[in-house]
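To start, the structure itself, in structure tokens.
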Protein chains: 2
Amino acid sequence: MIRLTKAGEYGLRAVRYLVENPDASRISIGDISENKNIPEPFLRKLFKPLVKNNIIHSTRGVAGGVRLARKPEEISVLEVVEALEGPLALNDCLMDDSECEFISECGMHDIWDEAQVAMAKVLRSKNLTELSKP
Amino acid sequence: MIRLTKAGEYGLRAVRYLVENPDASRISIGDISENKNIPEPFLRKLFKPLVKNNIIHSTRGVAGGVRLARKPEEISVLEVVEALEGPLALNDCLMDDSECEFISECGMHDIWDEAQVAMAKVLRSKNLTELSKP
DNA sequence: CGCTATTAGGAGTAATATTCTCACTTATAG
DNA sequence: CTATAAGTGAGAATATTACTCCTAATAGCG
């Protein structure tokens, strides 16, 4: 159906929560889960790639929690989406390790590539401050 | 992962086969399945929405088969994709019957809408003759 | 210092949704 | 009437999403 998965949706929602609460130096995943209505165990897993990609910083222990690793203006929506969902690849033949043997004869590749570039351009042009309306 | 499903990929491949064989007045689904390496029982199902949306014309019985319902220049890639996958809806909040209560406060809707429009524009601008390279 | 409460991280399992396949039914030309 | 090919519904396989329970790190306190 060409759509964002739950992982992407929940992850973005969690990130939005952090952006909207800039005063809190650390917010627990439990808090986010409760406030944004996201299943907690699932949300925990989503933070792993966000931390790995230097979007989120986390600390364990008492008074620990998560926060943005960089300023929200410096993080693009595309970055977050790709961290959560893997690199964009609207069609299999656009994947890095694609073994499609038809590239030279088939126009599909070019069409999907163009569509993907258009989409990525939009997502790359938005930073996290734009997740919330003024 | 934001990608075309197998339904979309197989369906487009089948349609491409019809475009590339304009001389044959009718081609059997079995033929397409064999030539394009698509699981036959699954492919059969994909033709249902294509027929319903007036993209494909089918006849049963001896010497039956499928063919394009209109000239390939008059059918856009977007039409075929939406027939196979349902209307584009990159994010839940873009769906017609969305019950998202955050639209007014959340910038997500606008961002995904913009991304989706960009993508749809590309797919709408391509017709079926462009599925095969010259 | 070392104990304790607290919070992230991770492995493995269960539930659910999606994708795909099989077996059977219906229509049509000859 | 028969052979052929599309059409359909139930069920298997797979991927996604959700949960359980356990481990690791850290701040604060006696």
Side-chain angles (χ1 to χ4, degrees), chain A residues 1-15 17-18 24-69 83-86 89 91-92, chain B residues 1-15 17-18 24-53 55-69 83-86 89 91-92 95:
Chain A
M1 209 208 188
I2 312 193
R3 63 131 42 82
L4 200 61
T5 62
K6 284 288 176 195
E9 186 179 327
Y10 290 160
L12 275 171
R13 225 147 86 193
V15 166
Y17 186 71
L18 294 179
S25 61
R26 291 207 154 16
I27 296 180
S28 82
I29 294 180
D31 269 5
I32 302 173
S33 141
E34 202 174 311
N35 277 289
K36 287 292 183 184
N37 234 329
I38 303 171
E40 188 177 324
F42 190 54
L43 184 58
R44 299 206 103 81
K45 298 223 157 139
L46 299 182
F47 273 97
K48 185 181 178 180
L50 293 174
V51 168
K52 195 181 160 207
N53 286 279
N54 193 33
I55 291 163
I56 293 292
H57 185 273
S58 71
T59 343
R60 295 184 183 184
V62 178
V66 294
R67 63 172 168 81
L68 291 178
L84 292 163
E85 309 240 6
N91 197 355
D92 273 339
Chain B
M1 213 213 189
I2 312 196
R3 63 133 40 84
L4 199 62
T5 63
K6 283 290 176 193
E9 186 179 329
Y10 289 160
L12 275 171
R13 224 146 87 193
V15 166
Y17 187 70
L18 295 179
S25 61
R26 291 206 173 325
I27 296 180
S28 81
I29 294 180
D31 269 5
I32 302 173
S33 140
E34 203 173 309
N35 276 289
K36 287 294 183 183
N37 235 329
I38 303 170
E40 186 178 324
F42 190 56
L43 183 58
R44 301 208 101 81
K45 301 231 154 130
L46 299 182
F47 274 97
K48 186 179 179 178
L50 293 175
V51 168
K52 195 181 160 206
N53 286 279
I55 291 164
I56 293 292
H57 184 273
S58 74
T59 342
R60 294 186 185 184
V62 178
V66 294
R67 63 173 168 81
L68 290 178
L84 291 164
E85 309 241 7
N91 196 356
D92 273 340
M95 288 201 298

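Values in this document were obtained by computation on a predicted structure and should not be read as measured data. Letters A, B, ... mirror the listed sequences (proteins, then strands); counts begin at 1.
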Response to the item:
Considering only heavy side-chain atoms of Val51(A), the closest of dA5(D), dA27(D), dG9(C) is dG9(C)

Worksheet item: Rounded to whole angstrom units, what separation is found between the CZ atom of Arg67(A) and the P atom of dA8(C)?
Response: 13 Å

Response to the item:
Atom CD1 of Ile38(A) and atom P of dA18(D) are separated, to the nearest Å, by 10 Å

Worksheet item: Within the side chain of Ser33(B), is there an N or O that forms a donor-acceptor pair under 3.5 Å with the backbone of Ile38(B)?
Response: yes

Worksheet item: Reckon Tyr10(A) touches a base, only the sugar-phosphate, or nothing at all at heavy-atom distances under 4.0 Å?
Response: sugar-phosphate

Practice prompt. Figure out the CD1/C1' separation between Ile29(A) and dT6(C), and round it to whole Å.
Written response: 13 Å

Worksheet, complete the sentence: Separation of dT20(D) atom C1' from Arg44(A) atom CZ, nearest Å, is 13 Å

Worksheet item: When all nucleic acid strands are considered with a 4.0 Å heavy-atom cut-off, which category describes Pro41(B): base, sugar-phosphate, or nothing?
Response: base

Worksheet item: Of Gly61(A) and Leu43(B), whose nearest nucleotide on DNA chain C comes first from the 5' end?
Response: Gly61(A)

Discussion item. Just the rounded figure in Å: distance from P of dT18(C) to CZ of Arg3(B).
Written reply: 17 Å

Worksheet entry | Gap between atoms NE2 and C1', on His57(B) and dG7(D) respectively (whole Å) | 15 Å

Practice prompt. Mind calculating the distance between CG (Asp31(B)) and P (dA5(D)) to the nearest angstrom?
Written response: 8 Å

Practice prompt. Would you kindly check whether a donor in the side chain of Lys45(B) faces an acceptor in the base of dT21(C), or vice versa, at under 3.5 angstrom?
Written response: yes

Worksheet entry | Earlier contact from the 5' end, DNA chain D, for Phe47(B) and Pro39(A) | Phe47(B)

Practice prompt. Give a yes or no on whether the backbone of Thr59(B) and the side-chain of Arg26(B) come within a donor-acceptor separation of less than 3.5 Å.
Written response: no

Worksheet item: So, for Leu46(B) and Leu84(B), which heavy atoms are closest and what is the spacing to 0.1 Å?
Response: O-CD2, 3.8 Å

Item to complete: Between dT6(C), dA3(D), dT21(C), spot the one nearest the side chain of Val62(B), thanks.
Response: dA3(D)

Response to the item:
Taken to the nearest whole Å, CG/Asn37(A) to P/dT17(D) is 17 Å

Fill in: Selected nucleotide, minimal atom distance to Arg60(A) side chain, candidates dG7(D), dC19(D), dT7(C)
dT7(C)

Worksheet item: Closest approach of Ile56(A) and Val66(A), non-hydrogen atoms and distance?
Response: CG2-CB, 3.9 Å

Discussion item. Given 3.5 Å as the limit, does a donor-acceptor pair link the side chain of Glu85(B) with the main chain of Thr5(B), or not?
Written reply: yes

Item to complete: Looking only at side-chain atoms of Ser58(B), point me to the closest of dA29(C), dA8(C), dA6(D).
Response: dA6(D)

